[in-house]
Number of protein chains: 2
Amino acid sequence: MSLPNFVGVYFYSMDSKNRLAVPAKMRLAMGETRGMILSCGLEGCLSLYLGEAWRKLNARLEEAPLNNRMEQRAFKRMLYASACEVDFDDEGRILLPQHLADYAQMKREAAIIGVGEKIEIWAKERWSAYQKREARAFTRHASRLEI
Amino acid sequence: MSLPNFVGVYFYSMDSKNRLAVPAKMRLAMGETRGMILSCGLEGCLSLYLGEAWRKLNARLEEAPLNNRMEQRAFKRMLYASACEVDFDDEGRILLPQHLADYAQMKREAAIIGVGEKIEIWAKERWSAYQKREARAFTRHASRLEI
DNA sequence: TCACAATCCCCCACTTTTCCCCACTATGGC
DNA sequence: GCCATAGTGGGGAAAAGTGGGGGATTGTGA
């Protein structure tokens with residue numbers, strides 16, 4: 001079985017209870033799979049993984065070439081501690097734990113982005129700024145890759 | 001049967017009787033399995049193992065590449081002497097023996113962290129300091145590994 | 001062997017959080 | 001224009017975390 005390939009960007013809002021809807025298209029792409037992991041991502045976003053994608057990621061990390069045991073422990077601790085199991089409520093929303101909402105500087109407005117096997121969640125302003133900043137680089141890369 | 005994979009960080013408080021709640025999500029992940037081992041962990045935390053995870057750890061120790069036999073015996077003695085069997089009370093709490101609470105410098109506030117097959121218990125300030133100290137290295141590794 | 005003390009754990013009560021459920025609105029397709 | 005679906009919002013029941021009282025058990029010392 002192959003993992004879904006998420007695409008697209010959606011602008012939804014987080015409510016006062018830290019609930020955030022996941023786009024119906026993405027939910028459908030997941031099929032019956034439940035049990036997702038939400039964790040800190042890079043550049044200040046949050047990453048949402050399906051269980052299987054999370055396991056794949058961990059398998060890769062296990063054989064990562066870190067300098068020593070202590071560093072490896074630290075990395076694993078940080079990654080696991082930042083993560084959290086989430087699930088949909090009956091309306092297809094997930095609940096963002098406060099410490100993750102803080103990490104991503106979430107206000108009301110959020111951008112939800114499909115990035116292949118994972119879904120990223122950004123505070124909208126952060127995403128806008130990032131997008132603006134990266135637009136030029138994108139054009140350069142795209143041109144080189146003949147998209 | 002496979003062992004549960006614990007994730008997430010929870011900030012709970014230890015009461016005046018050294019009782020500490022284990023997050024409901026983690027308890028559920030354990031299923032019916034009871035009989036856990038609490039022992040000294042590295043970097044000043046406590047490690048909580050399910051019976052099976054403890055046995056696996058011991059198997060690994062037997063074939064550990066320590067410098068010499070004496071060192072191996074010493075480590076094993078320290079680990080075993082510090083360890084102690086714990087169980088849940090009716091509210092899902094475990095009782096921390098005084099010597100382990102001392103070892104981890106536990107005050108009232110605790111951080112409970114899922115780290116794969118084991119659960120770690122930290123004094124909250126210690127965890128915060130550790131996290132702060134390791135944040136930079138974490139980001140570097142995460143970026144390199146494309147999380 | 002008994003008395004006493006310390007510890008453990010069961011039980012109850014209270015507070016906070018979570019999540020189920022319902023309702024409303026907006027949007028898009030027919 | 002209507003209907004179905006999706007996103008948004010909030011009330012309230014249920015669950016989870018916190019705290020303490022008190023009886024049972026264990027261990028110690030006389």
Side-chain angles (χ1 to χ4, degrees), chain A residues 4 6-32 34-38 48 83-102 106-114 119-124 127, chain B residues 4 6-32 34-38 48 83-102 106-114 119-124 127:
Chain A
F6 302 109
V7 295
V9 60
Y10 298 80
F11 298 102
Y12 287 174
S13 38
M14 188 175 76
D15 66 21
S16 58
K17 294 181 180 179
N18 280 17
R19 292 178 302 189
L20 181 65
V22 171
K25 279 210 176 142
M26 291 180 177
R27 273 175 359 235
L28 287 180
M30 291 182 194
E32 288 307 308
R34 287 297 172 269
M36 299 161 292
I37 301 285
L38 183 67
L48 183 65
C84 139
E85 218 168 326
V86 294
D87 223 327
F88 295 126
D89 69 11
D90 289 4
E91 280 72 41
R93 294 171 290 197
I94 57 173
L95 183 69
L96 304 189
Q98 193 59 48
H99 69 278
L100 287 181
D102 290 345
M106 300 290 294
K107 307 254 181 322
R108 194 160 176 286
E109 295 180 308
I112 302 165
I113 306 167
I119 295 169
E120 288 187 349
I121 298 170
W122 293 68
K124 189 181 172 188
W127 169 247
Chain B
F6 302 109
V7 296
V9 60
Y10 298 81
F11 298 103
Y12 287 174
S13 37
M14 189 175 74
D15 65 21
S16 57
K17 296 180 181 179
N18 280 18
R19 292 178 303 188
L20 182 64
V22 171
K25 280 216 175 132
M26 292 181 178
R27 273 172 3 233
L28 287 180
M30 292 182 193
E32 289 308 308
R34 288 297 173 268
M36 299 161 292
I37 302 285
L38 184 67
L48 183 64
C84 120
E85 219 168 323
V86 294
D87 222 328
F88 295 127
D89 70 10
D90 288 5
E91 278 73 40
R93 293 171 291 198
I94 56 173
L95 184 68
L96 304 189
Q98 194 57 49
H99 71 280
L100 287 180
D102 290 344
M106 300 291 293
K107 306 252 182 323
R108 193 162 176 285
E109 295 180 309
I112 302 164
I113 306 169
I119 294 170
E120 290 187 346
I121 298 170
W122 294 66
K124 189 182 173 187
W127 170 248

Rounded to the nearest 0.5 Å, how far does [atom2] of [Y] lie from [atom1] of [X]?
X: B/Ile113; Y: B/Tyr10; atom1: CD1; atom2: OH; value: 12.0 Å
X: A/Leu48; Y: A/Met26; atom1: CG; atom2: CE; value: 9.0 Å
X: B/Ser13; Y: B/Met106; atom1: OG; atom2: CE; value: 10.0 Å
X: B/Ile112; Y: B/Tyr12; atom1: CD1; atom2: OH; value: 6.5 Å

Measure [atom1]/[X] against [atom2]/[N] and give the value in whole Å, please.
X: A/Arg108; N: D/dG7; atom1: CZ; atom2: C1'; result: 11 Å
X: B/Tyr12; N: C/dT17; atom1: OH; atom2: P; result: 11 Å
X: B/Ile112; N: D/dG17; atom1: CD1; atom2: C1'; result: 10 Å
X: B/Tyr10; N: C/dT17; atom1: OH; atom2: P; result: 15 Å
X: A/Met14; N: D/dT8; atom1: CE; atom2: P; result: 12 Å

Return the set of residues passing salt bridge (Lys or Arg N to Asp or Glu O under 4.0 Å) with A/Glu85 (not counting sequence neighbours), or none when no residue passes. none
Angle between the two end axes of the helix from C/dT1-D/dA30 to C/dC30-D/dG1, five base pairs per end, rounded to 10 degrees? 30°
Annotated protein contacts, base or backbone, on nucleotides 20-30 of chain C with a non-hydrogen cut-off under 4.0 Å, one of B, S, - each: BBB--------
For residues 95-102 of chain A, which side-chain N or O atoms pair as donor and acceptor with protein atoms under 3.5 Å away, sequence neighbours left out?
residue: A/Gln98; atom: OE1; partner: A/Asn18; partner atom: ND2; Å: 3.1
residue: A/Gln98; atom: NE2; partner: A/Asp102; partner atom: OD1; Å: 3.0

Beyond-backbone contact of [X] with [Y], side-chain heavy atoms, under 4.5 angstrom:
X: B/Phe6; Y: B/Pro23; result: no
X: A/Val22; Y: A/Met36; result: no
X: A/Met30; Y: A/Ile119; result: yes

Got a sec, which residues hit side chain to side chain donor-acceptor pair (under 3.5 Å) with A/Arg93, two or more places apart in sequence or on another chain? A/Asp89, A/Glu91
Proximity to DNA chain C (any heavy atom under 4.0 Å), residues of residues 20-31 of chain B only: none
